[in-house]
Enquirer: 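The structure follows.
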Amino acid sequence: MIRVRQIKVDILNNDESHILNKLAKALEINKYDIISYKIKRQSLDARNKDRILYVYEIDVEVSNEEKVLKNKLSNDIFISPNEEYAFKKAKNYNNKTIIVGSGPAGLFAAFILVEGGIKPIIIERGECVEDRIKSVQNFWEQNILNINSNVQFGEGGAGTFSDGKLNTLVKDKENYSLCVLETFVRFGAPKEILYSYKPHIGTDILVKVIKNMREYILSKGAQIHYNTLMTDIIIDNNKIKGIEVNNKDIIECDNLILAIGHSARDTFKMLNEKGLSMQSKPFAVGLRIEHPQDLINRSQYGDKYKDFLGAASYKLTHQSSNGHGVYSFCMCPGGYVVNASSEEKRLAVNGMSYYKRDSKNANSALVITINSNDYGESLFAGMEFQQNLEKKAYKLGNGLIPIQLLRDYIENKETISLGKVTPCTKGKYKFANLNNLFNDELNSALKEALVAFDKKIKNFMMSDAILLGIESRTSSAIKILRNELFESNIEGIYPCGEGSGYAGGITTSAIDGIKIAECIINKD
């Protein structure tokens, strides 16, 4: 096969005939000499709003490949590389392994282990994804919170109720990213995620993928225990020996993968008491903002193309004059802002989209970078800073999502009625003054950034855009330290995924789970 890069096609003429013609021209052959082709990458060039292009990287099978390569070998035409992930068999099938958490990190660790011949036990504090959906829906409708099974906790992890973005900046020679994408497709995701310039699944499809993946893992001999909370770990001579669950039962193990997620604050404290090395880490907090999706589409694609490319996204950054970075985070085109609380009398929000991204609003978090200068030096100071903000948000909204029009936030006054934009939320909301969440320094940084963002996206500061709070779970406030073999200071314990402080998002967490599973597979 031959890999051909920089095949550019106008999105209005994006059919097989045009792609074949472009390929034939690039290779200087007759298009009838093309036996087959497969799209490997698709990106978008939207710099010229009068002519937006798809830019493809394509594997092509042609007649007389050797001759073509001899004549056309270049940086953009070369032999297709091998990009398959190499599954490995375990050196010791009897390595007893427990995985705590069944988010992307835990599920992919389990998947790689069962493919290698090891049958792990998965411990999940929340419910299976089918029951979890019911608990979350009940919370959104009745405001009755299940503290162990909610938007943060339960099978699938926090990413289940998100936009389901799968893009990552990770570059890897071992093809981990492709392994993640191909596994998702294998278990029900659309094939387009293998090449799309902004791959996403959406919460509705992700739920089905998680269920199918779980059923496969179980069929290979693994066990999953739902509604099961790890309450203690058993250590002997600085080595893991087992865990206690639900304050009573003991399960022995040789290896413990901690895929606990960024919101397992009670577990972090227990692990600290047991002697695991940890440190606090910087994170970001802020607000969600909702605009009409059509406004974002026009800004990103222009009038000519805005209806051909689906819901547009954006990425914005600003360095404020008081030293805080402000940036868009977890942008959800055609999405919803969801009540993502996991603790009593504390409130947090997140963004979520379905696969079609067809709600009338775009939303994104606008978050402010903070560090120990903002919250203090002690290990759990950052985590407690998050909790205090969530407590304020809960009080502001009286248990509901506090919202405010952008103009009222700028003028520091409580909103009393909506403008042209109607919130798209999962969970009820209440008018409030979100200035009361932050100190003057953080409010100043965010307001300065809003002005800067308005210069990049026309009407970003529309007066009746909606702000919602609080976005506090951007990443873990804690890092569980580990060595180059992914092992903590306690032998046999492997911090993993977002909760470890080494990953962020679905794909990077899944990759982290794969790498740690490989370490266990390679153990004697």
Side-chain angles (χ1 to χ4, degrees), residues 169 262 279-291 299 314-331 337 346-351 363-397 402-415 432-479 501 504:
L169 298 177
H262 58 40
Q279 65 184 34
S280 64
K281 60 177 282 294
F283 52 95
V285 296
L287 305 173
R288 285 258 153 198
I289 188 167
E290 287 192 84
H291 294 94
S299 171
Y314 58 81
K315 188 174 183 179
L316 299 167
T317 62
H318 175 72
Q319 187 65 33
S320 70
S321 56
N322 63 19
H324 289 279
V326 184
Y327 60 96
S328 59
F329 173 79
C330 188
M331 196 272 157
V337 177
R346 295 190 177 102
L347 186 143
V349 297
N350 193 15
N363 78 75
S364 178
L366 302 180
V367 294
I368 311 153
T369 58
I370 60 171
N371 55 40
S372 59
N373 293 328
D374 301 290
Y375 51 74
E377 296 290 343
S378 67
L379 176 61
F380 294 118
M383 193 172 78
E384 290 164 356
F385 183 88
Q386 290 174 326
Q387 289 177 304
N388 287 333
L389 287 175
E390 291 169 15
K391 186 176 180 180
K392 284 183 180 181
Y394 184 91
K395 288 183 176 180
L396 274 179
I403 75 168
Q404 185 176 23
L405 295 188
L406 187 148
R407 67 165 175 263
D408 293 335
Y409 175 67
I410 298 296
E411 296 172 5
N412 194 11
K413 64 182 182 181
E414 183 172 323
T415 293
N433 185 350
L434 297 176
N435 283 271
N436 295 324
L437 287 175
F438 304 121
N439 60 28
D440 290 343
E441 183 178 338
L442 297 186
N443 277 318
S444 175
L446 183 53
K447 290 177 183 181
E448 182 184 313
L450 284 165
V451 174
F453 295 160
D454 191 62
K455 296 176 182 178
K456 298 177 181 179
I457 295 179
K458 186 178 180 181
N459 292 328
F460 194 85
M461 279 193 70
M462 63 181 294
S463 62
D464 42 7
I466 298 170
L467 295 169
L468 310 92
I470 184 170
E471 180 85 22
S472 54
R473 310 282 182 95
T474 54
S475 66
S476 178
I478 299 292
K479 176 179 283 188

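If you read the sequence from its start, that first residue is 1, and numbering goes on from there.
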Enquirer: Search all heavy atoms of Asn443 against all heavy atoms of Phe438 and return the closest pair with its distance.
Expert: ND2-O, 3.2 Å
Enquirer: Do the side-chain N and O atoms of Lys447 and Asn435 include a donor-acceptor pair separated by under 3.5 angstrom?
Expert: yes
Enquirer: Among His291, Arg288, Glu290, find the one that has a side-chain hydrogen bond (donor to acceptor under 3.5 Å, both in side chains) with Asn363.
Expert: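 Exactly one option meets the side-chain hydrogen bond (donor to acceptor under 3.5 Å, both in side chains) with Asn363, and it is Arg288.
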Enquirer: Check for a donor-acceptor pair, side chain of Asn388 on one end and backbone N or O of Glu384 on the other, with a separation under 3.5 Å.
Expert: yes
Enquirer: Measuring from Leu467:CG to Leu434:CG, what's the distance to the nearest 0.5 Å?
Expert: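 One finds 6.5 Å between CG of Leu467 and CG of Leu434.
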Enquirer: Hey, mind stepping through Phe283 and His262 against side chain to side chain contact (heavy atoms under 4.5 Å, CB included) and telling me if it holds?
Expert: CA-CA 11 Å; Phe283 52 95; His262 58 40; over 6 Å; no
Enquirer: Take atom CG in Asp440; do more than 12 heavy atoms of anything else shown fall under 6.0 Å from it?
Expert: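 Atom CG in Asp440 is not crowded, with 12 or fewer foreign heavy atoms closer than 6.0 Å.
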Enquirer: What distance separates Lys315 NZ from Tyr327 OH, expressed to the nearest 0.5 Å?
Expert: 10.0 Å
Enquirer: Would you please name every residue forming a side-chain hydrogen bond (donor to acceptor under 3.5 Å, both in side chains) with Lys392, sequence neighbours left out?
Expert: none
Enquirer: Regarding Asp408 and Asn433, is there a side-chain donor-to-acceptor distance under 3.5 Å anywhere?
Expert: no
Enquirer: Is any side-chain heavy atom of Leu437 less than 4.5 Å from a side-chain heavy atom of Leu287?
Expert: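 A side-chain contact exists here, since the closest heavy-atom pair is under 4.5 Å.
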Enquirer: I need the single residue from Asp464, Ile289, Ile466 that forms a side-chain contact (heavy atoms from CB on, under 4.5 Å) with Leu406. Which is it?
Expert: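 That would be Ile289.
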Enquirer: From Phe385 CZ over to Ile370 CD1, what is the distance, rounded to the nearest 0.5 angstrom?
Expert: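 It comes to 4.0 Å.
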Enquirer: Provide the closest heavy-atom pair for Gln386 versus Ala477 in the form atom of the first, atom of the second, distance.
Expert: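 Heavy atoms of Gln386 and Ala477 come nearest at OE1-CB, 3.9 Å.
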Enquirer: Quick one: does any side-chain atom of Ser364 pair with a main-chain N or O of Ser328 as donor and acceptor, under 3.5 Å?
Expert: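 The answer is no, because no donor-acceptor pair under 3.5 Å joins these two groups.
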Enquirer: Decide if atom NZ of Lys395 counts as having more than 12 heavy atoms of other residues, nucleotides or ligands within a radius under 6.0 Å.
Expert: no
Enquirer: Hey, what do you get for CG (Leu446) to NE2 (His318), rounding to the nearest 0.5 Å?
Expert: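 Between atom CG of Leu446 and atom NE2 of His318 there are 10.0 Å.
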Enquirer: At their closest point, which heavy atom of Gly325 faces which heavy atom of Gln319, and how far apart are they?
Expert: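 So the minimum-distance heavy-atom pair works out to CA-OE1, 3.7 Å.
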Enquirer: Side chain of Gln404, backbone of Lys413: donor and acceptor closer than 3.5 Å?
Expert: yes
Enquirer: For the pair Asn350 and Arg473, evaluate side chain to side chain contact (heavy atoms under 4.5 Å, CB included) and give the outcome as yes or no after the intermediate values.
Expert: CA-CA 8 Å; Asn350 193 15; Arg473 310 282 182 95; over 6 Å; no
Enquirer: Is Pro402 close to Leu347 at the side-chain level, that is, under 4.5 Å between some pair of heavy atoms?
Expert: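 Yes; the side chains approach each other to less than 4.5 Å.
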Enquirer: If I compare all heavy atoms of Val285 with all of Ser472, which pair ends up nearest, and what's the gap?
Expert: CG1-CA, 4.1 Å
Enquirer: Tell me, do Ile410 and Met461 make a side-chain contact under 4.5 Å, heavy atoms counted?
Expert: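 Yes; the side chains approach each other to less than 4.5 Å.
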Enquirer: Can you tell if the side chain of Glu441 reaches within under 4.5 Å of the side chain of Asp374, non-hydrogen atoms only?
Expert: yes
Enquirer: When you compare the side chain of Glu377 with that of Ser372, does any pair of heavy atoms fall below 4.5 Å?
Expert: yes
Enquirer: Are more than 12 heavy atoms from other residues, nucleotides or ligands located less than 6.0 Å from atom NZ of Lys456?
Expert: yes
Enquirer: What's the shortest heavy-atom distance between Ile457 and Ser299, and which atoms?
Expert: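 Minimum heavy-atom separation between Ile457 and Ser299: CG2-OG, 3.5 Å.
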Enquirer: Centres of the Tyr314 and Phe453 rings: under 6.0 Å?
Expert: no
Enquirer: Which atom pair, heavy atoms only, marks the closest approach of Val349 to Glu471?
Expert: O-OE1, 3.2 Å
Enquirer: Using 0.5 Å steps for rounding, measure from the CG atom of Leu379 to the NZ atom of Lys479.
Expert: 13.0 Å
Enquirer: Report yes if some heavy atom in the side chain of Thr415 is under 4.5 Å from a heavy atom in the side chain of Tyr409; otherwise report no.
Expert: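 Of all side-chain heavy-atom pairs linking Tyr409 with Thr415, none is under 4.5 Å.
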